[in-house]
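So that the names make sense, note that chain A is the first sequence line, chain B the second, and so on, each numbered from 1.
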Amino acid sequence: MREKEIDKLKEYKYGFTTDIENVKSPKGLSVDTIKYISKAKNEPEWMLEWRLKAYERLKQIKEPNWQKPKYPKINYQDLYYYSAPKSSQSKPKNLEDLDPKILDTYKKLGIPLDEQKRLNGIAVDAVFDSVSVATTFKDKLNEAGVIFCSISEAIQKHPELVRKYIGSVIPITDHYFATLNSAVFTDGSFVYVPEGVKCPMELSTYFRINASQTGQFERTLIIADKNSYVSYLEGCTAPMRDENQLHAANVELVALEGAEIKYSTVQNWYPGDENGKGGIYNFVTKRGLCKGDHSKISWTQVETGSAITWKYPSCILKGDNSVGEFYSIAITNNHQKADTGTKMIHIGKNTKSKIISKGISAGFADNTYRGLVDIFPKAKNAQNFTQCDSLLMGNKCGAHTIPYIKNRNSDSNIAHEATTSKISEDQLFYCQQRGLNSEEAVSLIVNGFCKEVLQQLPMEFAVEAQKLVGISLEGSVG
Amino acid sequence: MSNIKKIFIDKKISKSELENKNNYFEIFKKKGFPNKKLEDWKFLDLNYEINNQIPNLNFVIKKSKINKNQILENIPINIKEFNYVLNINGFVEEINFSHEDKSFINIETNPDKKNKIISNALENLNLAFNLDYLCINIKQDYKVKKPLLILNVIIENIKSSNINKKFDIFLEKNAEISVLNLVQNNSKNNFFNLHQRFILNQSSILKNYFVDINKNQNLNYIKTDIEIEKNSISENVVISKNSDYCKNEIVCNLLDQFSSAFINGIIDLDNSQKHEIRTRINHLAENTKSYQLIKCVLNNQSKAVYQGKIYVDSKAQKTDGYQSSKAILLNENTEFNGKPELEIYADDVKCSHGSSSGNLDENKIFYLMTRGLNKNEAKKLLIDGYLMEVIDKITDERIKAIIKEIIKI
């Protein structure tokens with residue numbers, strides 16, 4: 001019996017729960033819950049009003065149901081919307097004050113939070129369940145004038161910035177899950193890079209879903225002022241749970257004139273067991289606004305986890321000469337389902353966008369690319385290039401491509417390509433002949449297939465992502 | 001029931017048939033014309049167009065006096081050279097297979113007796129009101145010598161604002177036929193709803209083409225269902241050019257090994273025309289092949305839509321599927337919407353699609369102008385060349401000549 005349990009734990013490397021007392025809000029979605037969250041976070045009046053407005057709107061709209069992966073109905077009244085580690089009610093001043101168990105959790109994940117890993121040069125704003133636990137590298141960032149803190153802290157300290165930009169890209173009148181997030185979001189990261197500053201290091205945050213039955217409602221807001229640059233990494237892991245957990249985050253990026261934002265994600269949440277039981281629902285809204293001329297937003301994502309991934313990181317190219325990029329790898333195995341892609345909305349003149357999407361499907365999984373390229377009548381000389389490739393392993397899985405192309409300008413150019421293929425016997429044979437076993441061979445070939453996207457990741461992530469690609473496909477061949 | 005009886009003023013139909021038709025009409029009434037809330041209709045809303053263009057929709061079916069010879073004179077083709085079916089205002093006027101051995105061709109006019117349940121609203125409308133249903137059966141090993149022209153003429157002052165036509169063609173083993181569907185619609189603000197079905201048995205060949213003869217201000221909906229058995233080939237070319245609103249929907253089922261389907265199309269629009277081609281190819285068996293090429297040219301405020309879907313079943317290994325859509329936008333107010341979709345459940349397949357849209361290459365125009373053409377001539381030459389790629393896919397030379405004559409390339 002015990003051996004069985006150990007085996008189970010082995011299957012998901014990050015499947016452990018930290019035993020910490022949690023403070024939870026009352027169960028269910030109501031005005032009281034929202035007031036509780038707002039009060040717990042000591043928010044100003046305007047924030048609460050904003051949340052309540054979103055909640056009013058939420059009551060009027062319905063959950064969307066057009067997506068490919070269907071899921072059992074979520075009982076929103078059965079969820080806890082706020083859970084915070086108890087010890088953080090008296091906020092720790094530095095790392096030493098932290099609950100050692102939390103530190104231990106991060107150690108298992110290999111997050112560079114402590115001294116030795118500081119050499120990696122990453123400032124981490126780790127989100128443990130819903131409250132941001134510690135922020136490192138504050139001083140160096142302060143020197144450059146970069147604000148990098150949790151969003152609740154930003155609401156207290158920089159209300160004018162938050163008030164100006166929150167909801168400017170994802171309004172409270174958006175779709176169901178985005179509006180839900182607006183009403184009940186608990187924490188997340190806030191980044192402001194002032195004019196002309198190149199952020200001296202890669203910013204990074206790790207999300208973990210810990211307490212059972214809590215939906216994780218993160219809200220991230222990144223603002224890059226004129227001619228600034230910032231690269232932001234987001235990594236996600238969640239411990240093993242049998243019940244499905246909801247993750248509905250909102251990420252808003254605003255790039256002003258000449259600014260560049262690079263946003264990279266490696267998502268490795270619990271995908272459910274081999275029979276499709278459990279796993280995370282990853283329903284995330286990510287949207288970037290190229291507000292000023294010559295601005296650039298680049299999304300890179302490696303999606304290997306979650307039972308259902310349903311997200312479309314998008315770019316609104318409003319400024320003239322702005323650039324949007326989307327690089328994605330989505331790997332689904334066993335009973336995982338992914339419906340992901342991007343939207344590129346060309347509004348300004350001479351806007352450019354590039355989409356590279358690689359989908360890999362194994363086992364009983366379904367992998368869908370769904371994207372929109374929309375060129376407005378005034379977007380003269382807009383250019384788009386889209387490439388989506390799918391790789392299938394076995395005949396029980398599916399790969400789908402659903403691109404929407406909308407061209408309303410005669411001076412623009414759109415090119416779209418898609419292919420579907422499998423790993424050929426020749427390639428496998430060749431690798432095996434050189435001494436690799438079949439799994440290593442598959443991992444090598446898949447890594448080659450994804451190379452264009454992996455290259456886009458910052459160094460720290462690229463190595464981890466390559467390993468993840470191999471791990472996610474274990475047991476899918478032979 | 002009395003309601004529907006009034007519609008069929010001149011037609012003698014049995015009570016049971018009327019009942020069937022009434023059922024279909026009831027379903028249609030419940031669903032109404034498809035609108036943009038439906039995914040398949042989100043780009044071109046038929047309900048909106050009908051409300052706009054045909055505010056007084058009526059289904060009255062009444063034979064009016066016609067001058068057949070005069071009608072034939074107005075058609076730019078000498079139809080006597082071919083086999084033909086002449087439909088005027090939806091009624092079959094003449095069927096002529098004078099070039100063929102009649103013992104190999106069987107024509108039935110009885111309607112489909114089975115009462116099926118169909119969800120598509122327009123199919124229900126068609127089943128309720130279609131006139132003179134035809135079923136043409138080509139016997140085993142017979143290759144129809146001359147192309148079959150199906151001429152749909154609608155006269156200028158027709159009372160009804162909705163004509164529904166339906167026909168089926170069955171090809172037995174080893175049979176072969178070329179079909180050209182022609183529409184000459186002289187009326188205004190009419191909705192023409194055509195449903196055609198082709199069943200291809202083993203090793204048979206179907207060549208099916210569609211073209212509008214004259215510029216007109218009508219709405220067309222053409223639904224084509226093709227069932228393709230082992231070793232059979234189906235070739236389709238749609239020329240979508242002349243009516244105000246046109247939606248061509250082609251569904252191909254590749255049911256057995258080594259069957260193949262080809263769909264090629266041109267959408268060439270001007271003014272405020274709105275046209276759509278929607279295709280769905282279902283690869284349901286091993287070693288099947290499909291190929292699609294759609295080319296659009298858009299001018300003024302026109303709008304073109306291409307929705308194509310390749311579905312590959314998990315049984316359909318070794319599928320070869322290709323889909324390509326291209327659009328040239330000549331004007332700032334034009335709009336092209338594309339949705340080239342792949343849905344794949346088998347791993348050993350070769351499936352790809354490509355889509356591009358943009359303007360004519362300025363360098364090419366410049367090159368031609370240096371050779372002495374003016375700008376408009378240069379543009380026309382480039383566009384004709386671009387569209388010729390689709391015309392060249394027409395393998396029946398006789399039909400190719402007719403189509404070239406009609407669209408003047």
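- We find the CG-CD distance between A:Asp411 and B:Glu362 to be 8.5 Å, quoted to the nearest 0.5 Å.
- Using a 4.5 Å cut-off on side-chain heavy atoms (C-beta onward), B:Asn337 and A:Ile405 make no contact.
- No other option in B:Ala327, B:Gly321, B:Ser356, B:Ser324 has as many heavy-atom pairs under 4.5 Å with chain A as B:Ser356.
- The structure places OG1 of A:Thr368 at 11.0 Å from CG of B:Leu342, a figure rounded to the nearest 0.5 Å.
- Counting non-hydrogen atoms of neighbouring residues, nucleotides and ligands closer than 6.0 angstrom, the NZ atom of B:Lys309 exceeds 12 such neighbours.
- At least one donor-acceptor pair under 3.5 Å links the side chain of B:Asp347 to the backbone N or O of A:Gly394.
- Neither side chain, A:Asn395 nor B:Ser314, offers a donor N or O lying under 3.5 Å from an acceptor on the other.
- Contacts between B:Gln317 and chain A at a heavy-atom distance below 4.5 Å involve the side chain alone, from C-beta outward.
- For B:Phe43, the part lying near chain A is the side chain, with the backbone staying farther off; criterion is any non-hydrogen pair under 4.5 Å.
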Yes or no on side-chain contact (heavy atoms from CB on, under 4.5 Å) for A:Thr401 and B:His353, after CA distance, side-chain angles and deciding distance?
CA-CA 10 Å; A:Thr401 321; B:His353 65 203; 4.1 Å; yes

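- Annotation: the span from B:Glu343 atom CD to A:Ile402 atom CD1 amounts to 7.0 Å, rounded to 0.5 Å.
- Between A:Pro403 and B:Pro340 there is a side-chain heavy-atom pair separated by less than 4.5 Å.
- Listed for the B:Asn359 side chain is a donor-acceptor partner under 3.5 Å among the backbone atoms of A:Ser410.
- For B:Gln307, no part sits under 4.5 Å from any heavy atom of chain A, backbone or side chain.
- Contact of A:Asp366 with chain B is made through the side chain alone, with heavy-atom distances under 4.5 Å.
- Using a 4.0 Å cut-off between charged nitrogen and carboxylate oxygen, B:Glu332 and A:Lys380 count as a salt-bridge pair.
- Heavy atoms of B:Asp348 lying under 4.5 Å from chain A belong to its backbone as well as its side chain.
- Counting heavy atoms from C-beta on, the side chains of B:Glu341 and A:His400 never come closer than 4.5 Å.
- When the candidates A:Ile423, A:Asn409, A:Thr419, A:Ile414 are compared by the number of heavy-atom contacts under 4.5 Å with chain B, A:Ile414 comes out ahead.
- When each of B:Gly354, B:Ser325, B:Cys351 is checked for heavy-atom pairs under 4.5 Å with chain A, B:Cys351 comes out on top.
- Between chain B and the residues A:Ser361, A:Ala382, A:Ala415, the most heavy-atom pairs under 4.5 angstrom are made by A:Ala415.
- More than 12 non-hydrogen atoms from other residues, nucleotides or ligands lie less than 6.0 angstrom from NZ of B:Lys303.
- Between chain B and the options A:Pro377, A:Ser421, A:Cys397, the largest number of non-hydrogen pairs under 4.5 Å is found for A:Cys397.
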